[in-house]
Amino acid sequence: CELASTVSSASLKYEELARLCDLDTGIFHSQIGRIQVSGRFGMIKASVTNIGKRSEKNLAQRAVFIARRPGEVLVTVDLDQGDMRSVAAHCQDRAYMAMFEPGKDVYLEMAKAVFGAEQVAADPKGYRKKSKVVSLATTYSMGQASVVATTGVEKKVVDKFFATMEEGFPDKAKWTFIQYPELKRL
């Protein structure tokens, strides 16, 4: 079943690319749109920047991409929380910037700040997942109601997350409210 899912997934990606490909040049051009749950913009039609890197299914999807000519190679780059790092640089909140120091996982660090290290240690993957989706949503200026409505994360968790962001990272919060005055404070 897993193999069938992997092959099917790669076939669907190939079919998507084939429909969008210029038959004369073999090149396709993606559209950019707001498709991420967090509100982030990404490549759509074909969704080539949103292919994961850790599962068999994702690796099979990546395999449909080949260099155009012999001797050429395709290079992939993971900016490693680039959007959040950019916000940290802009807002200059020292505590927020410290979460991006070498060797740290910003999503786990954020989860520890919100829930406490001991609680996170009991289920690091689960807390990291919640932390990631809410962290990215706040990076893209989603308010609390939007985060709850679009991410599936419980309201009490989102409220706690926002309170931690404002209290623990005051310069980041101040910068966010200056950039996005339509967001209301807690």
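Treat the numbers as computed from the prediction; the structure is a model and nothing was measured.
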Specify the closest pair of heavy atoms between [X] and [Y], including all atoms of both residues, with the distance to one decimal.
X: V147; Y: M142; answer: CG2-CB, 3.7 Å
X: A111; Y: S131; answer: N-OG, 3.5 Å
X: G168; Y: A95; answer: O-CB, 3.8 Å
X: C91; Y: Y96; answer: SG-CD2, 4.3 Å
X: Q144; Y: V158; answer: O-CG1, 3.9 Å
X: F161; Y: S135; answer: CZ-OG, 3.2 Å

Enter the distance from T176:OG1 to F169:CZ here, rounded to the nearest 0.5 Å.
-> 11.5 Å
To the nearest 0.5 Å, what is the distance between CE (M84) and CZ (F100)?
-> 4.5 Å
Pairs touching residues 107-126 that satisfy side-chain hydrogen bond (donor to acceptor under 3.5 Å, both in side chains), sequence neighbours left out = Q119-Y127
Side-chain donor or acceptor of D93 paired with backbone N/O of D171 under 3.5 Å | yes
So [Y] and [X], do their side chains get closer than 4.5 Å, heavy atoms only?
X: K174; Y: P170; answer: no
X: T164; Y: F115; answer: no
X: K132; Y: M110; answer: no

Residue K104 excluded, over 12 heavy atoms near NZ under 6.0 Å | yes
Check the surroundings of atom NZ in K160: do more than 12 heavy atoms from other residues, nucleotides or ligands lie under 6.0 Å from it?
-> yes
Positive for side-chain contact (heavy atoms from CB on, under 4.5 Å) with V134, one of V148, V114, V153 | V153
